[in-house]
Every structure is written in structure tokens, then in C-alpha cells.
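Just the heavy atoms: all of them, side chains too, but no hydrogens, waters or symmetry mates, feed the values below. Just so it is clear, the model here is predicted, and its values are computed rather than measured. Below, read A as the first sequence line, B as the second, and so on, with proteins coming before strands; counting in each chain starts at 1.
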Amino acid sequence: MNYWLMKTEPDVFGIDDLKSKKTEYWDGVRNYQARNFMRDEMKKGDLILFYHSSCKVPGVAGIATVSKESVPDFTSWDKKSKYYDEKSTEENPRWFMVQVKYKKKFKEVISLSELKSHKKLEKMKLLQKGNRLSIMPVTKSEFEFIEELSKK
DNA sequence: GCCAACGTTGGC
DNA sequence: GCCAACGTTGGC
């Protein structure tokens with residue numbers, strides 16, 4: 001079992017959208033490192049911290065799971081999609097996505113500033129300087145610590 | 001293979 | 001809206 005953090009802009013697709021849709025294909029990721037995590041390492045049942053970015057209160061909004069392992073991201077060869085990439089084709093896809101499933105919404109978003117205040121989380125990839133990855137691994141202890149924070 | 005220019009991310 | 005940090009592109 002692996003643990004992950006996935007960033008999303010709540011104005012575009014937030015925890016409430018996932019809650020009402022139940023599952024969602026994580027399309028549109030166009031970063032190689034993030035793609036590799038989805039294509040090679042994310043397994044069904046893995047747990048995901050669902051992170052809201054570029055918004056009023058950035059932070060962890062809830063938990064999701066991986067419900068389907070990677071499949072080619074069909075938006076990459078759809079000319080009408082804003083995620084279209086001419087170098088990706090159905091025969092030779094360049095981009096991949098997993099399907100994620102809603103698990104729970106925290107009573108309150110655990111804000112980035114709170115995450116930063118905990119010594120236990122100081123090594124979190126999310127908090128390292130200059131980090132811009134939209135999908136990144138978290139450790140079991142980081143995941144569990146944050147889930148506990150949400151219960152307070 | 002180097003690196004300048006450019007685009008994007010994302011907190012503030 | 002600003003801007004630091006980083007990834008990608010493309011000329012050489």
C-alpha cells in the first residue's frame with residue numbers, strides 16, 4: 001500500500017465535486033514525474049490526500065483512493081481538449097491517468113500553514129522549497145498524522 | 001549536451 | 001497581480 005498527495009484547484013474540481021461524482025479520471029496531467037507515478041506506481045487501493053491549491057485556503061481537504069490503475073489519458077489525442085498533445089496518439093500514448101474514488105471529506109481543510117507548523121511534517125515533499133509536483137508520494141506516518149489532525 | 005528564453009505553478 | 005522556482009523547448 002502506497003500513500004499519495006494529489007493537488008487540484010477547487011474552483012475547477014474540488015472535494016465536493018469528487019464527492020458528488022464518486023469517481024473521476026485524473027486527466028490532464030502533463031508532467032513526466034507525475035505521469036510516472038500514475039503509470040508505474042499507483043496501485044488500486046492506495047490512499048490519497050486530496051489537496052486544494054491556488055485558492056483561498058490551500059490545504060488537505062479530504063481522502064480519496066485509487067479505484068483504477070493507469071490507462072492512457074484519452075484527452076491527449078482529443079483535438080478538442082485543452083489537454084491535447086500532438087505527440088500523443090491512441091497507438092502510442094504519452095500520457096496516463098488513474099481513476100480516483102471519493103473516501104471522505106474532512107470537517108475542515110487542514111491548511112498549508114497548519115501543516116507547516118508541525119515538526120512531524122517538516123520533511124513532507126509538499127513543504128519542500130520550490131516543489132511544484134501535482135502528484136507526489138507521502139509516507140505512511142505523514143498520511144496517518146494528517147488524518148488524525150482532521151479528527152480534532 | 002549546454003543554456004537562454006519562455007511557460008507554468010502556486011503561495012502570498 | 002507579483003514573483004520565485006522549476007520544467008520544457010529549441011538553437012547552437
Side-chain angles (χ1 to χ4, degrees), chain A residues 2-21 24-42 46-66 70-139 141-143 145-150 152:
Chain A
N2 293 311
Y3 299 85
W4 305 94
L5 181 144
M6 293 172 105
K7 293 180 186 170
T8 175
E9 296 183 26
D11 295 341
V12 179
F13 190 87
I15 189 81
D16 290 324
D17 298 301
L18 184 64
K19 187 174 182 180
S20 60
K21 286 194 71 180
E24 178 77 354
Y25 280 109
W26 213 254
D27 63 8
V29 172
R30 297 292 179 266
N31 170 282
Y32 288 102
Q33 260 187 289
R35 177 204 68 180
N36 293 347
F37 285 138
M38 287 202 287
R39 188 188 60 186
D40 306 331
E41 297 191 47
M42 294 180 82
D46 283 0
L47 290 163
I48 301 162
L49 294 172
F50 196 93
Y51 182 89
H52 283 175
S53 69
S54 295
C55 57
K56 204 167 178 193
V57 184
V60 179
I63 294 174
T65 61
V66 177
S70 72
V71 292
D73 181 346
F74 52 76
T75 65
S76 67
W77 59 77
D78 175 1
K79 285 197 169 132
K80 282 173 291 194
S81 170
K82 63 173 173 170
Y83 301 124
Y84 175 69
D85 177 354
E86 59 176 8
K87 290 176 181 151
S88 182
T89 62
E90 202 163 349
E91 296 73 34
N92 188 19
R94 171 179 289 210
W95 303 109
F96 291 80
M97 61 189 177
V98 296
Q99 186 191 57
V100 305
K101 183 178 170 195
Y102 174 80
K103 180 151 190 239
K104 83 166 132 173
K105 178 184 175 179
F106 292 165
K107 281 175 293 190
E108 280 181 58
V109 171
I110 302 177
S111 69
L112 179 61
S113 63
E114 175 167 6
L115 297 176
K116 283 178 179 167
S117 74
H118 292 286
K119 190 109 203 319
K120 271 200 123 178
L121 300 176
E122 68 183 3
K123 295 221 171 68
M124 257 190 108
K125 276 206 167 56
L126 177 74
L127 305 182
Q128 303 313 304
K129 188 178 172 184
N131 169 64
R132 284 173 30 189
L133 263 184
S134 63
I135 299 174
M136 67 188 92
V138 300
T139 66
S141 63
E142 287 161 355
F143 184 95
F145 185 75
I146 290 169
E147 188 173 19
E148 283 308 307
L149 287 178
S150 76
K152 284 180 185 159

For residues 31-42 of chain A, which residues have at least one heavy atom under 4.0 Å from DNA chain B? none
Residue pairs passing the salt bridge (Lys or Arg N to Asp or Glu O under 4.0 Å) test where at least one lies in residues 105-116 of chain A, sequence neighbours excluded: A:Asp16-A:Lys105
For DNA chain B, determine which residues of residues 82-98 of chain A have any heavy atom closer than 4.0 angstrom to one of its atoms, and list them numerically. none
Name all residues meeting the side chain to side chain contact (heavy atoms under 4.5 Å, CB included) criterion together with A:Asp78; count only those two or more places apart in sequence or in a different chain, and write none if there are none. A:Lys80, A:Ser81
Quick one: ring-ring contact (aromatic ring centres under 6.0 Å, His included) pairs with a partner in residues 83-135 of chain A, sequence neighbours left out? A:Tyr32-A:Trp95, A:His118-A:Phe145
Base contacts versus sugar-phosphate-only contacts with protein, heavy atoms under 4.0 Å: please encode nucleotides 6-12 of chain B as B, S and - from 5' to 3'. -BBBBSS
What residues form a side chain to side chain contact (heavy atoms under 4.5 Å, CB included) with A:Asn31, not counting sequence neighbours? A:Gln33, A:Ala34, A:Leu133
Once side chain to side chain contact (heavy atoms under 4.5 Å, CB included) is applied, do any residues pair with A:Lys87, and if so which ones, sequence neighbours excluded? A:Asp85, A:Arg94
Would you call the rings of A:Phe143 and A:Tyr3 parallel, tilted or perpendicular if under 30° counts as parallel and over 60° as perpendicular? tilted
Please enumerate all residues that pass salt bridge (Lys or Arg N to Asp or Glu O under 4.0 Å) together with A:Glu148, with sequence neighbours excluded. A:Lys151
Suppose we screen for side-chain hydrogen bond (donor to acceptor under 3.5 Å, both in side chains). Which residues come up paired with A:Thr75, at least two apart in sequence or across chains? A:Arg30, A:Asp73
Residues passing the side-chain hydrogen bond (donor to acceptor under 3.5 Å, both in side chains) test with A:Ser111, sequence neighbours excluded, are A:Ser113
Taking side chain to side chain contact (heavy atoms under 4.5 Å, CB included) as the definition, give me every residue that meets it alongside A:Thr65, ordered by chain and number, with sequence neighbours left out. A:Leu47, A:Lys101, A:Lys103
